[in-house]
Amino acid sequence: MLVPPVSQDAQVINNLYVVLYIFSALVFLLVEGLLVVSVVKFRRRSANDAPIQIHGHTGLETMWTILPMVLVAVIFLFSVNAMNQLQATGTFNDPLNHVHGINDQVAIKRVSEAKKVDIVINVTARQWMWQYKYADGFVVNQDLVVPENKTIRLDIVSADVIHAWWIPALGGMIYVNPGEMSHVWFNAPGGTYYGQCNVFCGLAHSQMLSNVKVVPQAEYDAWVAEQKTK
Amino acid sequence: MASVSIPVAKPGLLSQMAGWMTTVDHKKIGIMYMVSTFFFFLLSGIFALIIRLQLMAPGMQIVDQNVYNELFTMHGTGMIFLFIIPMLVGMGNYIIPLQIGARDMAFPRINALSFWMLIFAGVVMEGGFLLGGTASGAAWTAYVPLSMKQFSPQSGMDIWLFGVVLLGISSTLGAVNFLVTIYTMRAPGMTMWRIPIFTWTMIVTAAMVLLATPVLTAALIMLITDRNFSTQFFTTANPRLWQHMFWFYSHPAVYIMVLPAMGILSEIIPVFSRKPLFGFKVMVVSTILIGVLGFTTWVHHMFVSGVDPLVERFFMFTTMVIAVPTGVKMFSWIATMWKGSVSLKTPLLMCIGFLSTFVIGGITGVIQGAIPIDMQVHNTYWVVAHFHYVLFGGSVFGIFAGLYFYLPKITGRMLNDKLGKVHFALMWIGFNLTFFPMHILGLEGMPRRIATYAANRGWDLPNLIATIGAFTIAVSVLVFMINFIINIMQKKGEIAGNDPWEGATLEWAMSSPPPVYNFARTPVVESDRPMIEIRAKASGSNAPGHTGSHN
Ligand SMILES: [Cu+2]
Ligand SMILES: [Cu+2]
């Protein structure tokens, strides 16, 4: 990935990407190489060329059916393995609780027990902004501010159409459907991480930014105090 | 030898037009399909150029964002519904009755109806621009609830939906027509394994259309009534209901657009290599497998929309598995050229364009089929790159290969091969310049469908390159049009003759253009490449319509 991964989730995804990239590069080189050779080496040299009429070759055909199947199986296993890692560490914490009905109390309870978190923030997506409601009761419409190296859970709902939460450096994209609640977990070092709504949601979709500022705890506490006085 | 009846006096323009408008001849209908869809190609291409101008640099305001949203919606729907699908249908319309030795389609009037419904639907869809707000605020996916009246109140949205419904009915009718034609009207002797490969791909495509399109049509009608007649199909349902119905059609639609192009490749590559198609039966079986598996993967478009992850794993598996029959095809095409005598004329170069770029689209398809990767590239420019490598790298290169291959048959004149090569080179370079950088943009986090972007994200250079590439493609299409105007419309091109490429199938036995009635006598087919025997045995008589009488 070209956005450097900073969260554990993003790191797992990045590792998988590197593996698949290597497989892909090999397949790419093989196919393009064969293509170049067949065009250059076997190009027509005279109008009377009469190549041998080969109709097929069972051995070859079997080979290029079996080999891709093996490759695909390997890729599938790598992917499942990465999913299990995500499940253990972050976003995929509890698959059935990732997205659920907005009033599904059972699921809400499961989510709250699923993983120990330091801060929960209620997020509302609406055309065309993200609103963050903190436990202290204040609401901000600008960037999301959180303390560094703390596990954060976002409980996200939509006030109108479908939006998607995604911070590339933190990994873990998720749709926010009207009538449902979506959850994202992350734990990040200090920095500013860019993001914006990732499902087309109407006129000003391109301006629906969701940047995340991760700051030291002291700075965060000062910021919260300031927000409360507003 | 000329079997076309010579009119006493040249008919006037009006009666000529009336002739075209009332025709039920599959060849004339095929030509009308190809010509009109080419205009939709140009229109949708102009939309793409405006999009690329807007994204050339950060913060550009060539058009405002509601127009931008209309443009990408109409670029996508225009290219898919009004160009790629119907262009391939048009080629099938022209070629398939000839390939199978039939005089026309099974239902000539329904054939004409399908065509005119397409034109009407196209005008209706594009007409939204005149009403202000085509499908703005909805994209081609028209996700509910964004496409509901509350969020997309404009009437342009309704007529866009109406247009797509008409297209759905038109292509469903067309699919029935193709299936019945191929099932009932093949020349005697054309057994299952002697059906030409292009016809085979159209069988599978038509079957897919028949199974998939009614689902989309139903969903669209439900959406129209939800919008206008207070029904509650989608308002009360699971938020993913629309997505399931939409992608149940729209994933198979990818194969509806690619399989006929693969069929064209499978016709051209053997002819230009002077070898039979490597593993004909395997090719047919892999086509059928792609058709079947194509219906099992649609949820990969919904990996981050809240589907149960256990269900998602199933769809991740099927998505990866479908790469296997596709890979088999790639290797079979290469093996067809291997040890052959490969003639590097424009039709074959276009096939090379297909093979060399489609492989990237295939690989990226497997990569993004991995759910963790999809969580990072879904809805980004990576995906835009991926499906353009499939639909442009695949279908559009295939379409141009088919045009260079079949236009001599259809018009009787050859296109200029040098200009064709210029077209190919510019299009191949322009294509890769446009779409390769989009992979990088996606990995850098650029979402699709954004009307503009800020300068601080590092997206400037790849976007600039993509815009340069888009205009290179535009120039290449101009070269093609010049070639067409000079050599075909002004009749400056070489006379094609019956069989300019040493073709393998029946259409190359007849005159170019073929006579109105196609075959004077129904040909009898004795192998999977009837022209090989016909060429070998035809020393004297080469009259059209006598193809079956040899041997
Ligand atoms: Cu959005
Ligand atoms: Cu798909």
Side-chain angles (χ1 to χ4, degrees), chain A residues 1-3 12-13 16-17 20 24 27-28 31-32 34-35 38-39 42-44 49 51-56 60-61 64-65 68-69 72 75-76 79-80 82-83 86 92 95 99 160-162 164 168 171-175 177-180 182 194 196 198-206, chain B residues 65-66 69 137 139 143 145-146 151 239 274-276 278-280 282 304-306 308-309 313 316-317 320-321 323-324 327-328 330-331 334-335 337-344 352 355-356 359-360 363 366-367 370-373 375-376 378-379 440 443-445 447 449-453 457:
Chain A
M1 298 289 162
L2 294 172
V3 177
V12 169
I13 296 174
L16 177 65
Y17 183 78
L20 299 195
S24 309
V27 173
F28 174 78
V31 173
E32 302 284 359
L34 288 173
L35 202 54
S38 59
V39 171
F42 302 114
R43 68 178 185 279
R44 188 164 300 173
D49 279 359
I52 307 162
Q53 302 294 292
I54 311 159
H55 286 264
L60 277 175
E61 284 155 15
W64 61 55
T65 310
M69 277 164 102
V72 158
I75 290 176
F76 178 76
S79 307
V80 169
M83 286 174 77
L86 287 175
F92 262 70
V99 173
D160 38 49
V161 299
I162 302 173
M173 180 193 304
I174 191 71
Y175 275 28
N177 303 306
E180 292 188 335
S182 304
Y194 293 107
Q196 65 191 91
N198 201 42
V199 170
F200 182 67
C201 57
L203 187 66
H205 166 58
S206 60
Chain B
Q65 51 192 8
N66 71 315
N69 296 343
Y143 269 18
L146 181 62
F151 302 107
R274 286 193 179 156
K275 274 180 62 194
F278 194 94
F280 180 87
V282 173
V304 293
S305 73
D308 185 331
R313 281 175 204 219
M316 171 162 87
F317 185 71
M320 291 175 171
V321 163
V324 174
V328 167
M330 289 300 291
F331 288 117
I334 293 173
M337 291 190 283
W338 203 262
K339 293 193 174 166
S341 163
V342 181
S343 160
L344 297 177
I352 301 291
L355 298 177
S356 58
V359 62
I360 296 179
I363 290 172
V366 175
I367 297 183
I371 294 171
I373 306 284
M375 290 167 64
Q376 198 70 347
H378 175 83
N379 264 358
I440 296 164
L443 295 178
E444 286 177 335
R449 297 176 179 146
I450 53 173
T452 187
Y453 53 94
R457 304 297 298 275

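What you are looking at is a predicted structure, and each value in this text was computed from that prediction instead of being measured.
For a residue to count as touching a neighbouring chain, one of its non-hydrogen atoms must lie under 4.5 Å from one of that chain's; by this rule B/Ile367 touches chain A with backbone and side chain alike. For B/Ile440, the parts lying near chain A are the backbone and the side chain together; criterion is any non-hydrogen pair under 4.5 Å. Contact of A/Glu32 with chain B is made through the side chain alone, with heavy-atom distances under 4.5 Å. Neither the backbone nor the side chain of A/Ala164 comes within less than 4.5 Å of any heavy atom in chain B. Both the backbone and the side chain of B/Val328 come within contact range of chain A, judged by heavy atoms closer than 4.5 Å. The contact between B/Met330 and chain A is made entirely by side chain atoms (from C-beta outward), counting heavy-atom distances below 4.5 Å.
Put simply, the side chain of B/Pro372 reaches to within 4.5 Å of the side chain of A/Leu86, judged on heavy atoms. The shortest side-chain heavy-atom distance between A/Arg44 and B/Leu344 does not fall under the 4.5 Å cut-off. Counting heavy atoms from C-beta outward, A/Glu61 and B/Phe331 have side chains that stay 4.5 Å or more apart. B/Asn69 places none of its side-chain heavy atoms less than 4.5 Å from the side chain of A/His205.
With rounding to the nearest 0.5 angstrom, the OG atom of B/Ser341 is 11.0 Å from the CZ atom of A/Arg43. The CE atom of B/Met316 lies 5.0 Å from the OG atom of A/Ser79; values are rounded to the nearest 0.5 Å. Here the straight-line distance linking atom CD1 of A/Ile75 with atom CE of B/Met320 works out to 6.0 Å at 0.5 Å rounding. Within the model, atoms NZ of B/Lys275 and CD1 of A/Ile52 stand 9.0 Å from one another, a figure rounded to the nearest 0.5 Å. The distance from atom CE of B/Met337 to atom CG of A/Leu34, rounded to the nearest 0.5 Å, is 9.5 Å. Put simply, CH2 on B/Trp338 and CD1 on A/Ile54 are 11.5 Å apart, with the number rounded to the nearest 0.5 Å.
Smallest separation of non-hydrogen atoms from A/Leu203 and B/Asn66: CD1-CB, 3.3 Å. Between A/Tyr175 and B/Ser305, the shortest heavy-atom distance links the atoms CD2-CB, 3.2 Å. When all heavy atoms are compared, the tightest approach of B/Leu443 to A/Tyr17 is CD1-OH, 3.2 Å. Closest non-hydrogen pair, B/Val342 versus A/Ser38, comes out as CG2-O, 3.8 Å.
Remark: side-chain polar atoms of B/Gln376 are not paired, donor with acceptor, to backbone N or O of A/Met173 under 3.5 angstrom.
Residue with the most contacts toward chain B among A/Asp160, A/Leu60, A/Val199: A/Asp160 (heavy-atom pairs, distance under 4.5 Å). Counting heavy-atom pairs under 4.5 Å between each of B/Gly327, B/Ser343, B/Ala335 and chain A puts B/Ser343 at the top. Ranked by non-hydrogen atom pairs under 4.5 Å with chain A, the options B/Val304, B/Ile334, B/Ile360, B/Thr452 are led by B/Val304. For chain A, the option among B/Ala451, B/Ala323, B/Ser356, B/Gly306 with the highest count of heavy-atom pairs below 4.5 Å is B/Ser356.
A side chain to side chain contact (heavy atoms under 4.5 Å, CB included) with B/Tyr143 is found for exactly one of A/Val161, A/Asn177, A/Ile162, namely A/Ile162.
No more than 12 heavy atoms of other residues, nucleotides or ligands sit less than 6.0 Å from atom CZ of B/Phe317.
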